[in-house]
Amino acid sequence: MFQLSDIIALRANAKPQAPVKNPPVILANLADSEYIRAFNYWTKTNCKVIYFQPRQGLDFYLKAYKDILITCPTAFSFLKSKLKLPPGNQEDFLGSFFKVDDCRVITLGAMSLVVKQPTMQVLYKRMVEKFTKPEQFLPALPYTYTRIRTEQEYLTFLRHAEQSPMIAVDIENYGQQFAIDICGFAALAPDQKSCQVAVFDMTKVEQLPWVRKVLDTQALKVFQNGIYDCTYFTRYGMPVRNYYLDTMYMFWCWHSDMPLNLGLITSFWLSDSSYWKGLVGEDKYLYNALDCVNTLSVMVAMLPQIPQWVRDNYVKVFPKVFPCIQTAVYGPRVDVDKLLTFRGQLEYDVAVLEKRLKVISGNPKFKPASPKMKLDLLKGLPGCKDITGSDKVELAKVAFKGPLHTRIVDILREYNKKSKLLSTYADPRLGPKDTLLFAHSPAFAGTGRFATRASIFGEIEKFNTKGAPQWVSLGF
């Protein structure tokens, strides 16, 4: 069995690029001008700003400069059209790296975000360091990709998996009831310089024992939010051996206030990452393969740089994943009659609160669940033009401004609390023997408590409370 200590120095022989002496230029628009000083302050640079002129076209700037940061939405549209990038908006591509002829390009969001969203101060600084401190980054692992169709292809990959020190795993579910559609693996090569990727079609019964065999290899398993994947594997009777590493939880132990999607984590750690999630509608097998490659590459890049305090956090947080998997699969026993009574009371309370908010807003079509409508309501109150959202922090700011504000915020908080109870705990998503299914996670909540949401199985079908669904374990 491979130990974590065996892979802390993975790819130590990788050769990062030499540091860049001159800072990159920023391709911006006029609306960014008031944020330039703040941007340079937070990124610790003195970037030169060039205002994008659409009439000159993007090629003019690509030829004139070596390193470019794009914050201008129009310039991003030109780049997306030129390179025929997959679907996605500018925020999706945040931190994506492109080499266009002799010019290196990194896309960012609006420059104003460095002031409006504190997390962007860290993110933008990190993205700029791809140019100014490239020694802190590693490129994605080179990979060989195979879509498994025959037993011979499976056996070839199994040999790679049995010799690999670390394997990244990812599943895809495209709406089939309680089913996995695709399962992918990225097996790190013994020399730690590349990886072998295999994607299995889980709708083909003959491939299920093949997947189980790969999951049972001795290699350390890596997931991105493995609770989701392992919940499905449990239903299939496929236990995962040596699941010790998870990119999402490790990143959360390091930067708990950051977004935790794989696209952003990849941009944070890899020098040459580019947004690939838009491929899901074009080639779902390649999309799954890239998920696996990037999960593995991120973990390989993170491990050598982990401070001791992050390891301590991870050791405390990660063991909580396994009871979360059990909760997602089995859930606690409930009294169904009392549950339905509780649900009825919550539905009445939520309806009353929603009606009151419609009266307060003066809009009969007001939807308290809409972040935009809630923000419009808050910004319409006296002295609240500076409010930027409807989360707990912003609600506290509004409540502080006066007794009328406090009253409205109290109603919004009560609505949020009861609608959460209704959607997560009171919706009868019943598992075997009248157990209530819902999903826990030790991440997401900044206070360190468990975050809770509706069951991943309950989102697919509303169960009849008289008969629980038939849970099966597929064994061969």
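Hydrogens, waters and symmetry mates are skipped; everything else that's a heavy atom, side chains included, is used. None of these values were measured; they are calculated from a predicted model.
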Greater than 12 external heavy atoms within 6.0 Å of [X]'s [atom1]:
X: K316; atom1: NZ; answer: no
X: D257; atom1: CG; answer: yes
X: E172; atom1: CD; answer: yes

State, to 0.1 Å, how close [X] and [Y] come at their nearest heavy-atom pair, and which atoms those are.
X: K99; Y: D102; result: CE-C, 4.1 Å
X: A140; Y: D272; result: N-OD1, 2.9 Å
X: L141; Y: Q192; result: CD2-O, 4.2 Å
X: G389; Y: L375; result: N-CD1, 3.5 Å
X: A168; Y: C292; result: CB-O, 3.4 Å
X: M248; Y: A443; result: CE-CB, 4.3 Å

Check: Within 45 degrees of the axis of the six-membered ring of Y174 and under 6.0 Å from its centre: does K284 put its NZ or CZ there?
Finding: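 Checked: cation-pi criterion met.
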Has [X] got a side-chain atom pairing as donor or acceptor with [Y]'s backbone, closer than 3.5 angstrom?
X: S81; Y: S77; answer: no
X: Y61; Y: A75; answer: no
X: Q90; Y: T71; answer: yes
X: N173; Y: A179; answer: yes
X: S256; Y: C253; answer: no
X: Q224; Y: I265; answer: no
X: T217; Y: K213; answer: no
X: N288; Y: Y285; answer: no
X: K63; Y: D101; answer: no
X: Y275; Y: P86; answer: no

[X] side chain near [Y] side chain, heavy-atom distance below 4.5 Å:
X: P442; Y: C324; answer: yes
X: L94; Y: Y124; answer: yes
X: Q207; Y: C183; answer: no
X: V128; Y: K125; answer: no
X: D229; Y: Y243; answer: no
X: S273; Y: K130; answer: yes
X: I106; Y: S267; answer: no
X: M250; Y: M299; answer: yes

Check: Do D291 and K277 meet the salt-bridge criterion of a basic N to acidic O distance under 4.0 Å?
Finding: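 Salt bridge between K277 and D291, a charged N being under 4.0 Å from a carboxylate O: yes.
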Check: Is D59 salt-bridged to K82, cutoff N-O under 4.0 Å?
Finding: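 Looking at D59 and K82, the cut-off is met.
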Pairwise distance [atom1]([X]) to [atom2]([Y]) - rounded to 0.5 angstrom:
X: I182; Y: I148; atom1: CD1; atom2: CD1; result: 13.0 Å
X: I68; Y: C47; atom1: CD1; atom2: SG; result: 12.0 Å
X: C230; Y: D246; atom1: SG; atom2: CG; result: 8.5 Å
X: Q308; Y: N313; atom1: CD; atom2: CG; result: 10.0 Å
X: M373; Y: S390; atom1: CE; atom2: OG; result: 12.5 Å
X: I70; Y: I50; atom1: CD1; atom2: CD1; result: 13.0 Å

Check: Among W254, F137, F251, whose ring pair (Phe, Tyr, Trp, His ring centres under 6.0 Å) with F268 holds?
Finding: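 That would be F251; it is the only one of W254, F137, F251 passing the ring pair (Phe, Tyr, Trp, His ring centres under 6.0 Å) with F268.
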Note to self: Show, in sequence, the C-alpha distance, side-chain angles and deciding distance for M202 and D181, and conclude whether the side-chain contact (heavy atoms from CB on, under 4.5 Å) test is met.
What the structure shows: CA-CA 5 Å; M202 295 287 283; D181 290 283; 5.9 Å; no
Notebook entry, point to check: After noting the C-alpha distance and the side-chain angles of Y314 and F318, does the key distance pass the ring pair (Phe, Tyr, Trp, His ring centres under 6.0 Å) rule?
Noted result: CA-CA 6 Å; Y314 187 77; F318 183 71; 5.1 Å; yes
Check: Do the ring planes of F52 and F78 sit parallel (below 30°), tilted (30 to 60°) or perpendicular (above 60°)?
Finding: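 Aromatic pair F52/F78 classed perpendicular.
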Notebook entry, point to check: Do the ring planes of W210 and Y154 sit parallel (below 30°), tilted (30 to 60°) or perpendicular (above 60°)?
Noted result: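 The rings of W210 and Y154 lie parallel, inter-plane angle below 30°.
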Item checked: Verdict with supporting geometry, Q136 and R126, side-chain contact (heavy atoms from CB on, under 4.5 Å) -> CA-CA 10 Å; Q136 296 182 0; R126 181 70 176 173; 3.3 Å; yes
Next item on the list: Determine whether the side chains of N294 and T266 contain a donor N or O and an acceptor N or O closer than 3.5 Å.
Entry: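 There is no such pair (donor and acceptor under 3.5 Å, judged by atom type) between the side chains of N294 and T266.
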Item checked: Pair Y249-F223, ring pair (Phe, Tyr, Trp, His ring centres under 6.0 Å): steps then yes or no -> CA-CA 10 Å; Y249 294 109; F223 287 87; over 10 Å; no
Next item on the list: Please assess L290 against L279 for the test side-chain contact (heavy atoms from CB on, under 4.5 Å), listing each intermediate value before the final yes or no.
Entry: CA-CA 10 Å; L290 291 174; L279 291 172; 3.5 Å; yes
Check: What do the steps show when you test L123 against Q117 for side-chain contact (heavy atoms from CB on, under 4.5 Å), and what is the final call?
Finding: CA-CA 10 Å; L123 285 174; Q117 297 182 18; over 6 Å; no
